[in-house]
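In each ligand, atom 1 is the first atom listed, and ligand 1 is the first ligand listed. None of these values were measured; they are calculated from a predicted model.
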Amino acid sequence: MAANSHRDSGRKGLVFNIQKFSLHDGAGIRTLVFLKGCPLACRWCSNPEGQSFSPELAYNIEKCIGPSECDRCIGVCGRNAVIRDENGRIRIERELCDHCGECADVCPSRALEMVGRCMTAGEVVKAVEEDGGFYVRSGGGLTLSGGEPLSQAEFACDILKTAKRRGLNTAVETSGICAWEAIEAIGPHVDHMFFDIKCLDPLKHKQATGLSNEVILENYQRLRTHFPLMTITVRTPVIPGFNDSVGEIESIKQFIKRSGLPANYELLPYHRFGESKYHKLGLTYKMHGIGSPGDAKMKRLNKAATS
Ligand code: SF4
Ligand code: SF4
């Protein structure tokens with residue numbers, strides 16, 4: 001492969017994580033690339049750091065040495081956004097913070113970190129290819145995720161094109177909430193699309209995610225018409241009290257069937273792994289006290305999804 005096949009438009013996008021050795025989001029061993037920014041704000045989101053379109057400051061109190069030993073962050077912040085609170089602990093006054101990142105630069109324990117960094121598509125694919133040998137042997141590759149990766153449509157397309165030029169298998173995880181043109185542009189460079197359908201009722205969808213699902217359902221149907229040969233997996237996150245009934249799952253399955261072409265259909269049980277991220281970003285976790293759907297319920301729902 002020619003060295004200049006990493007070359008790209010030079011356009012930069014905002015990436016918040018590159019996670020290696022995933023086994024669940026496409027064929028073989030994969031590297032997941034998470035792009036920042038999403039128009040939705042799902043109550044159950046497990047990647048809240050992917051919602052904002054800007055870099056953000058995260059504070060992990062468990063890593064903090066504490067201001068009695070180290071107060072570098074207080075000293076360096078020109079906006080007085082880092083303070084010692086009434087218990088002698090560090091607190092970030094979020095409304096004063098402009099996300100300049102200077103406190104994170106001086107924090108010796110990485111208790112403070114900026115989430116989101118600007119990269120070019122070439123830089124992203126180069127980072128992914130560090131594990132190239134594993135992909136070749138396992139049939140894996142790059143999976144673009146988020147946030148909603150198609151919110152940064154041109155950047156996402158640059159990454160996928162560059163990855164394909166380098167011979168990588170490509171997958172995309174999308175909520176489907178994007179301009180149709182974004183899906184149309186990436187289609188020829190995608191081997192496998194994971195497409196979320198959370199429920200069919202537009203009002204219910206809006207109440208739980210902030211936006212109606214009409215664009216999502218329309219995009220799914222157009223995707224099937226325009227790219228009939230693409231491998232597609234529809235995914236539904238199973239959320240207690242929202243869509244965890246056989247009726248909901250069967251209605252989505254019927255919608256997939258009505259599109260006229262087969263697709264894999266997969267259910268993902270809600271989990272609380274993302275809860276600590278909300279605290280680090282100074283956000284409120286809206287699903288507090290709600291547990292994952294149990295095995296018996298998932299068995300019933302999986303049967304409805306696949307029968
Ligand atoms: S990111 Fe900048 S403004 Fe925000 S707390 Fe740190 S130093 Fe202060
Ligand atoms: S610089 Fe880091 S370790 Fe030191 S007090 Fe601030 S957050 Fe804690």
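Within ligand 2, counting atoms from 1 as listed, the ones closer than 4.0 Å to a heavy atom of S109 are 3 (S).
Of all protein heavy atoms, the one closest to atom 2 (Fe) of ligand 2 is C107 SG, 2.4 Å. Scanning the protein for heavy atoms near atom 7 (S) of ligand 2, the closest one is L112 CD1, 3.6 Å. At the shortest separation from atom 8 (Fe) of ligand 2 among protein heavy atoms lies C64 SG, 2.4 Å. Remark: minimum distance from atom 5 (S) of ligand 1 to any protein heavy atom is reached at V82 CG2, 3.5 Å. Looking at atom 3 (S) of ligand 1, its nearest protein heavy atom turns out to be D98 OD1, 3.2 Å. Atom 1 (S) of ligand 1 has G101 N, 3.3 Å as its closest protein atom, hydrogens excluded (heavy atom only). Nearest protein heavy-atom contact of atom 6 (Fe) of ligand 2 is C73 SG, 2.3 Å. Looking from atom 4 (Fe) of ligand 1 to the surrounding protein, the closest heavy atom is C97 SG, 2.4 Å.
Residue contact annotation: V76 has no non-hydrogen atom under 4.0 Å from ligand 1.
Atom 6 (Fe) of ligand 1 has C103 among its coordinating residues (N/O/S atom, backbone or side chain, under 2.8 Å). Note on C77: counted as a metal contact of atom 8 (Fe) of ligand 1, an N/O/S atom lying under 2.8 Å.
At a 4.0 Å heavy-atom cut-off, ligand 1 touches L57 through the side chain alone. Under 4.0 Å from ligand 2, not a single heavy atom of I74 appears.
Taking CZ of F53 as the reference point, atom CG of L35 lies at 10.5 Å (rounded to 0.5 Å). Distance check, rounded to the nearest 0.5 Å: CD1 of I197 to CD1 of I252 gives 6.5 Å. Rounding to the nearest 0.5 Å gives a distance of 9.5 Å between CG of D158 and NE2 of H189. Within the model, atoms SG of C199 and NZ of K204 stand 5.5 Å from one another, a figure rounded to the nearest 0.5 Å.
Here the side chain of S109 pairs a donor or acceptor atom with the backbone of K63 at under 3.5 angstrom.
Here the rule is side chain to side chain contact (heavy atoms under 4.5 Å, CB included) with L142, and of I159, T31, L32 only I159 fits it.
In terms of hydrophobic clustering, with Ile, Leu, Val, Met, Phe, Trp and Tyr side chains grouped at heavy-atom distances under 4.5 Å, I65 and L57 are assigned to different clusters.
Looking only at atom types and distance, the side chain of R30 has a donor-acceptor partner in the side chain of T143 under 3.5 Å away. Side chains of Q221 and S259: a donor-acceptor N/O pair is absent below 3.5 angstrom, by distance only.
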